[in-house]
Amino acid sequence: MSKEELNKYIALLKDDDPSARYWAALYLEGAPDKAAVPALIDVFSSEDAELKGAAAKALGSIGPDARDAVPILAEAAKSKDAWVSKCAEYALGKIKGR
């Protein structure tokens, strides 16, 4: 993926449209790049459980290069929302090489 395309999807994570944010996170899962880690971490300030799950999965797809996300994912793994907690657990496993 080009730097320009990556930046476009990173920017979409902050779009006003919840659907655009969600699809941007899904796209970043399929095209993992460590440059997206800070923006994906920022997603966890959202109340949108589906978006948090998608961001966690994107972080997991980046793997060990997303280690800066471990603290926020560890917190998300404690979520009462099953989707968020399971996605966070998955991502933690991928980042830690399990």
Side-chain angles (χ1 to χ4, degrees):
M1 162 178 14
S2 72
K3 183 77 167 169
E4 181 179 292
E5 189 176 16
L6 174 65
N7 289 334
K8 171 185 163 186
Y9 285 99
I10 289 172
L12 281 172
L13 289 173
K14 295 181 181 183
D15 197 274
D16 289 336
D17 180 357
S19 180
R21 291 191 305 267
Y22 177 77
W23 286 105
L26 285 182
Y27 184 84
L28 291 168
E29 178 187 2
D33 191 304
K34 66 182 179 180
V37 170
L40 289 165
I41 290 172
D42 287 347
V43 162
F44 287 86
S45 64
S46 166
E47 295 298 318
D48 185 335
E50 287 185 21
L51 178 59
K52 287 180 185 180
K57 290 174 60 183
L59 288 163
S61 73
I62 295 168
D65 284 336
R67 63 187 160 276
D68 290 348
V70 167
I72 197 77
L73 289 168
E75 190 62 33
K78 299 174 194 172
S79 174
K80 292 181 182 180
D81 185 288
W83 170 250
V84 173
S85 64
K86 293 298 178 192
C87 290
E89 289 170 8
Y90 163 83
L92 286 166
K94 292 297 221 173
I95 291 168
K96 294 179 178 180
R98 291 188 238 151

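Since we're looking at a predicted model, the values are computed, not measured.
When all heavy atoms of Ala35 and Pro38 are compared, the pair lying nearest together is O-CD, 3.6 Å. Considering every non-hydrogen atom in both Ala36 and Leu6, the closest pair reads CB-CD1, 4.4 Å. Taking both residues in full, the closest heavy atoms of Val84 and Ala76 are given as CG1-O, 3.8 Å, listed atom of the first, atom of the second, then distance. The nearest pair of heavy atoms linking Lys94 to Pro64 is O-CD, 4.0 Å. Minimum heavy-atom separation, Leu13 to Ala39: CD1-CB, 3.7 Å. Of all heavy-atom pairs spanning Val70 and Leu92, the tightest one is O-CD2, 3.9 Å.
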For residues 44-58, dump all side-chain donor-acceptor pairs below 3.5 Å to protein atoms at least two apart in sequence or in another chain.
from  : atom 1 : to    : atom 2 : distance (Å)
Ser45 : OG     : Asp42 : O      : 2.8
Ser46 : OG     : Asp48 : N      : 2.9
Asp48 : OD1    : Glu50 : N      : 3.0
Asp48 : OD1    : Leu51 : N      : 3.0
Lys52 : NZ     : Ser46 : O      : 3.1

Distance-only criterion, 3.5 Å: show the donor-acceptor pairs between side-chain atoms of residues 19-30 and protein atoms not counting sequence neighbours.
from  : atom 1 : to    : atom 2 : distance (Å)
Arg21 : NH1    : Asp15 : O      : 2.6
Arg21 : NH1    : Asp16 : O      : 3.3
Tyr27 : OH     : Glu5  : OE2    : 2.9

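The same ILVMFWY cluster, assembled from side-chain heavy atoms under 4.5 Å apart, contains both Val43 and Val37.
Taking NZ of Lys96 as the start and CG of Leu73 as the end, the distance is 9.5 Å to the nearest 0.5 Å. Of the inter-residue distances, the one linking Ile62 atom CD1 with Leu40 atom CG reads 5.5 Å to the nearest 0.5 angstrom. To the nearest 0.5 Å, atom CG of residue Asp65 and atom CG of residue Asp33 are 9.0 Å apart.
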